[in-house]
2 protein chains.
Amino acid sequence: MNIKDIAKLSGVGIATVSRVINNTGVVSEATRAKVMEVVKEYNYIPNGNARNLKKTQSNTIALMVKGISNPFFANMIKEVERQVNLRGCPLLIQHVEDGVDEINTALQLVKEKNLYGVIFMGGTYDHSEEKFKQLSIPFVLTTITTTQDVDPSVFSSVVIDDVQESYKATSYLISLGHRKICFLARFPLVQHTTGNRRLLGYIKALEEHGIEYDPALVEDCEYSPSSGFTATKRLLNKKKEITAVFAASDTIAIGAAKALLSLGLSIPNDVSIIGFDGIEMAEYYHPSLDTISQPGVDMAKASVEILFDLISGQSANKHTVFESVLVKRGSCRKIK
Amino acid sequence: MNIKDIAKLSGVGIATVSRVINNTGVVSEATRAKVMEVVKEYNYIPNGNARNLKKTQSNTIALMVKGISNPFFANMIKEVERQVNLRGCPLLIQHVEDGVDEINTALQLVKEKNLYGVIFMGGTYDHSEEKFKQLSIPFVLTTITTTQDVDPSVFSSVVIDDVQESYKATSYLISLGHRKICFLARFPLVQHTTGNRRLLGYIKALEEHGIEYDPALVEDCEYSPSSGFTATKRLLNKKKEITAVFAASDTIAIGAAKALLSLGLSIPNDVSIIGFDGIEMAEYYHPSLDTISQPGVDMAKASVEILFDLISGQSANKHTVFESVLVKRGSCRKIK
DNA sequence: GTTATCATGGGAAACGTTTCCCATAGATTT
DNA sequence: AAATCTATGGGAAACGTTTCCCATGATAAC
């Protein structure tokens, strides 16, 4: 069942059927009704491949996610899909394996599927300007910013200020009297990752308050409870006196909390703890965990809006910085 | 840059370029090398739309997920993608909104994109045989079985036995001396959902042990901590004496645990609790939560294997039932 | 009554592949 | 030396659309 069949069955030309389906050009009401009836009756759905081939552009938006199992991304993905579908476009969700270059993957996809636009979610901050330019279609980096010498006019982004928010969390702990503050995050070899930027904020806060930065209080770990758990164990084995833990994600914070609690330590009486992201689980953990809560859904929505503005040519590349909120639930305590 | 350009640049015909790219037909080593050199140099990637149009079949596999934010699905999705990519196919992840018919969505997608195969993950058990037949390409239901009068030879599935596993959990609590056991799950209007089937197992266990089934101990709730939390609050307001909670997901169990803990109750001293799924968070909760752990990754792998067997015509429709494991972590206690 | 204008709809090319079928040339057989 | 076979590679049709351009008939203008 293709457009030719529909044309024959409706007694019109294929061009007319196409015009009816796409609501383009002028077609008399009578003709339109006649065609639509046949379309409905035979449940005709145009072949997307032929369509995209001819138009040398599909209306598909791709979402490249690095870390699809990250619970913080879950609601963002749903919102991106909702917003994209609202605009009548299908969303192709592409998971990018850790260690795989998401821009290269996208480059491939763009050529192969004639994408309409791309949203990148998660991943590193390290991309060259040249790469961005190769990607000749509109795209938005969400949750990713870049500190390389990249001309800001060649890409769009929706981010939070990792340095600033991390500074906020650390300062909060310091204001409560903490001096021995651990920091848990992921530090891959690449520069300019979320972890590295949050480390900068952590160090900045320490320095501003005259606290010496002790690398032994910083542990490298994946963004997962299990990794947070083992990292915290490693930390405790160093026999440092610790009064607070700042985890670069709530998942890490949960693992860290478990490590402390299972040793019989109390949160926040013995150790204060604060996470990052604002996932639901942090609230329902016992004790509920303080966190730097990111407006994930708003960020997702903004990403799609910016992408479609770019597509329609209505605006140039844009960089939006969202503010996160320090949510206090009692897992941090004033000491001394 | 298309196949014609490559042909011209290599000094061969387009048919030859196609043969080289697809490794079909016979091409002399010299010609192949010449063409490949040009392909590499210009970084040529064939247009997927043209390809799929001509072949009247793409190699794309679609994964229809209902509940993409379900943490239990996270690892399964990753495994499905890994397995599909391993077989040289791209995976299209399609999120299906709650309440939307996933088969209809797939039907649309199949016609539009000439899919190669479909995997359904999550959702209800209610599908008619006719619908299955309309979907004229190979597909596998994962995490979904059907109790309708559907001929088992028209579909494939990878599931656990919900009734049996639920029976297992409930029996475990009973064996520990519990009589007042709450059950939390989602009961939508549609029949034959995961929740309904697990309820059957729960009731079966009670009856077999001569315990009267009390509907007041069963609460309807979404598969999320917040919903588990409020459902448990509702339960406690009924002033029933409760000694154990069986939650149909670990996310619900976490919400339930939070409700109990925040009232100062102890787990497992005052109330025992057991969840379902086996997500990482249940282990890192404090206390660690007992659960019926599903082999999600194995199930994902099996789904892809079955799908590709169907595609290659190597085998007929098949139904695989996986066994779940009762994981004891101490959140359930023997009483009396 | 003739010409200009307009609304509508059809024909055909083009998008970039794959693949069938045939042509060519060199090698092998008779 | 002629005939046959084999290996290789090219031409062209086809996949199912969209869209440009043109044809047709009706209406309006003169």
Check your understanding: Rounded to whole angstrom units, what separation is found between the CG atom of B:N59 and the C1' atom of C:dT17?
Key -> 14 Å
Practice item. Would you mind classifying the nucleic acid contact of B:S28 as base, sugar-phosphate or nothing, using non-hydrogen atoms under 4.0 angstrom? Key: sugar-phosphate
Check your understanding: Given atom CD of B:E112 and atom P of D:dC15, what is their separation to the nearest angstrom?
Key -> 20 Å
Practice item. Evaluate the side-chain proximity of B:K34 to B:V12: yes if any heavy-atom separation is below 4.5 Å, no if none is. Key: yes
Practice item. Under 4.0 Å between any heavy atoms, over every strand shown, what does B:N22 touch: base, sugar-phosphate, or nothing? Just pick one. Key: sugar-phosphate
Review point. B:F139 vs B:F132 aromatic rings, parallel, tilted or perpendicular, using cut-offs 30° and 60°?
Key: tilted
Review point. Does A:F308 have A:R87 sitting over its ring (NZ/CZ under 6.0 Å from centre, angle to axis within 45°)?
Key: yes
Check your understanding: Would you say a side-chain N or O of B:T56 is under 4.0 Å from OP1 or OP2 of D:dC15?
Key -> no
Check your understanding: With nearest nucleotides of DNA chain D determined for B:A50 and A:K55 from heavy-atom distances, which residue corresponds to the more 5′ nucleotide?
Key -> B:A50
Review point. So does A:N47 get a side-chain nitrogen or oxygen closer than 4.0 Å to the phosphate oxygens (OP1/OP2) of D:dG16?
Key: no
Exercise for review: Give a yes/no answer on whether the side chain of B:R51 brings an N or O atom under 4.0 Å of OP1 or OP2 in C:dT18.
Suggested key: yes
Review point. Within the structure, does a side-chain N or O atom of A:Y44 lie under 4.0 Å from either OP1 or OP2 of D:dG16?
Key: no
Point to revise | Below 4.0 Å: OP1/OP2 of D:dT18 and any side-chain N or O of A:S18 | key: yes
